[in-house]
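Here's the structure we're looking at; comments come further down.
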Amino acid sequence: MDIKDIIRPENRVYKKSDLLYDTTFNFCPGCGHGTIVRLIAEVVQEMGIEHEVIGISPIGCSVLLYDFFRFDVINASHGRAAAAATALKRVMPDRYIFSYQGDGDIAAIGTSETIHTCNRGENITIFFINNAIYGMTGGQMAPTTLTGMKTSTTPGGRLTQESGFPLHFTEMLASLDGTYYATRQAVHTPAAVRKAKKAIRLSLENQKLERGTSVVEFVSNCNSGWRMEPVASNQWMEEHMFPVFPLGDIKCEGKLIQRS
Amino acid sequence: MKGNEALAEAAIRTGVDAFFGYPITPQSEVLEYLLQEDAQKRTGMVVLQTESETASINMVYGAACAGRRAMTSSSSPGISLMSEGISYLAGAELPGVIVNVARGGPGLGTIQPAQSDYFQATKAPGHGDFRQLVLAPASVQEMADFIPLAFDLAFKYRNPVMILSDGVIGQMMEKVYLPEPRPRMTEFPEWATIGKKPGKERKRITSLNLIPLEHEKHNQKLQAKYRQMEAEEIRYEEYLCQDAEYIMVAYGASARIASRAVEMARAKGIRVGLFRPVTLFPFPAPQIEALSLRVKGFLSIEMSAGQMIEDIRLAVGKNQRVEHFGRYGGLVHVPEEILEAFERFYMEPHGH
Ligand SMILES: Cc1ncc(C[n+]2csc(CCOP(=O)(O)OP(=O)(O)O)c2C)c(N)n1
Ligand code: SF4
Ligand SMILES: [Mg+2]
């Protein structure tokens, strides 16, 4: 059988979303960012809302989102995506607005804007990519860096007495009355991807309910910043990140999920 | 009406789409007025009390991305917090109006009026090679009039515009003719990110450009806008300058007080005139230079230790003497002391 006999429409099992430009992502090979970006494009396409959606890129490795998506995207200053999202939604309540932010962007410099946006219950979606490190600036400690984890600014491992504890930012946001939906996902396996995709869709659909903010955290790898091979980084993530940041829903339909 | 209230009412009438603000003396009346007058009900304008000035300016940025008329107002310390956001507006070429009802600094300083934010407003409102247009109202009437003007300029140039007022003008009460109501916008500029139109390319708004040659080009384009502002937007007022031998230069509240000092000098037979820059950037340098060819000296009157005087000196060059008389730290001049200072500099045989 020739390869041409295989490459046929009826045999196709995967196609890149039409809402992604035919360009090279700037992410390092193996990085979770690429998968999450792809999933968002797929969901927006499946929902058929590419004419009604405006995305907001952060400052971080995903700053260039506006060059990937084939729909409107703006870039916000470091940490302020939630403020920009608030304004976009307030002046255009019929649009779908989402921000896409790293842990440094959202949980360090953008803490205030994010908390108050959720507390006001803005009808927007926040995608929060938690890789426990500042990827873009070369691997410094983030608020979510694990205890004992080595980064360029915690060369001996994060010491809690020096630098505090890994911040459970999504739990914090979930505790706010304005937050309607909060969940923690990952994209390191096909099963995780399927779940994550559902969460992305729900978080966007929620905007039409006008019941408050939806937050989807993705625990993700930064193989470069962690100084690991991609596969090893995913294993490390399962072993070390998931116990601290357990996957699953944290708040659904405005109610906190009781977890053991 | 109070200056701050006239400005707020003008914002409603100008069809402003969104106001974001955080309380600070002496401008809190702007936010209060908009909420008490229920601007949202009157025109559909979004009015939001924010958690910080950082949030305010980034909300202005967000609404501006949607091509809306968006503004914020604050006073000095709050404006400092907005620096980064103003720079992003300039970099991304977005229109936005920022009102500074200035108070004395540095630091928490005082809640009393001052003009000590001149440098900040005209030279370095944020990081990077950029300029914002700066309008300086000297009356409650201009607090109202400058809102539609500021938005026209902001959209003409896709650039931040600051209304640099001060605690005197903000708190003062005067009669005011309010601007004719303008409808809210229903059509938005082609660059606005309001959702990709079917069959059209998507839009992106960013201030980032990682390719040095392209970024230099972008900066050159910005610089060309600033040169165009200098060519087209200079605004100023002259009072008794025609036959003047000496010129007092003052803006905002200082100009009101200096005009009285000018009248007192005239009553004594001294030919003094008042030149009032209305735009601080672009600064009316050509007009001041022209004056310098026929008068004997300038006196800059500022509620600061001397900031605008640097621009006057640049315009005047070595042609004439330029002196400064300031009250600052929250103090406001009285006309008598301005006249005294003028006489000390220019009427005494060996002045200084
Ligand atoms: C005001 C400001 N401070 C600092 C920076 C530098 N900076 C750029 S990205 C970044 C951290 C990004 O980390 P994160 O949000 O976790 O995103 P990641 O790259 O890991 O996806 C920092 C500190 C900046 N651009 N602006
Ligand atoms: S530095 Fe880390 S987060 Fe950034 S693209 Fe590379 S792997 Fe991903
Ligand atoms: Mg990160």
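So that the names make sense, note that chain A is the first sequence line, chain B the second, and so on, each numbered from 1.
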#### Entry: Residues A/Asp67 and B/Arg202 bridged, charged N to O under 4.0 Å
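Result for this pair is yes, salt bridge flagged.
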### Query
In terms of heavy-atom pairs under 4.5 Å, which option from A/Ser77, A/Ala87, A/Ala76 contacts chain B the most?
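It is A/Ser77.
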### Message
Only pairs of heavy atoms separated by less than 4.5 Å count here; which of A/Asp72, A/Asn75, A/Val63, A/Ile56 has the most with chain B?
### Response
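Most heavy-atom pairs within the cutoff with chain B belong to A/Asp72.
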### Task
Determine the minimum heavy-atom distance between B/Glu84 and A/Arg80, stating which atoms define it.
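Answer, listing the atom of B/Glu84 first, then A/Arg80: OE1-NE, 4.2 Å.
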### Shortest non-hydrogen separation from A/Met92 to B/Ala66 and the atoms involved
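Of all heavy-atom pairs spanning A/Met92 and B/Ala66, the closest is CE-CB, 3.8 Å.
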Measure [X] against the heavy atoms of chain B and call it side chain, backbone, both or neither at under 4.5 Å.
{"X": "A/Thr86", "answer": "side chain"}
{"X": "A/Arg95", "answer": "side chain"}
{"X": "A/Ile49", "answer": "neither"}
{"X": "A/Ile59", "answer": "side chain"}
{"X": "A/Tyr96", "answer": "neither"}
{"X": "A/Val91", "answer": "both"}

### Query
Which one, B/Gly44, B/Ala70, B/Ser56, B/Gly62, leads in non-hydrogen pairs under 4.5 Å with chain A?
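The option with the most such pairs is B/Gly62.
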### Message
For the interface with chain A, which of B/Leu208, B/Ile194, B/Asp17, B/Thr54 has the highest count of heavy-atom pairs at distances below 4.5 Å?
### Response
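If we count pairs closer than 4.5 Å to chain A, B/Ile194 comes out on top.
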#### Entry: Heavy-atom side-chain proximity of A/Arg90 to B/Met59 below 4.5 angstrom
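No - every pair of side-chain heavy atoms lies 4.5 Å or more apart.
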### Task
With the side chain counted from C-beta on, respond yes when A/Ile115 and B/Glu51 share a heavy-atom pair under 4.5 Å apart, and no when they do not.
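No; the side chains remain at least 4.5 Å from each other.
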Residue [X] versus chain A: region with a heavy atom under 4.5 Å:
{"X": "B/Lys203", "result": "both"}
{"X": "B/Ser52", "result": "side chain"}
{"X": "B/Ala18", "result": "side chain"}

Enter the distance from [X]:[atom1] to [Y]:[atom2] here, rounded to the nearest 0.5 Å.
{"X": "A/Phe69", "Y": "B/Lys196", "atom1": "CZ", "atom2": "NZ", "value": "14.5 Å"}
{"X": "A/Glu122", "Y": "B/Leu48", "atom1": "CD", "atom2": "CG", "value": "6.5 Å"}
{"X": "B/Thr50", "Y": "A/Arg120", "atom1": "OG1", "atom2": "CZ", "value": "8.0 Å"}

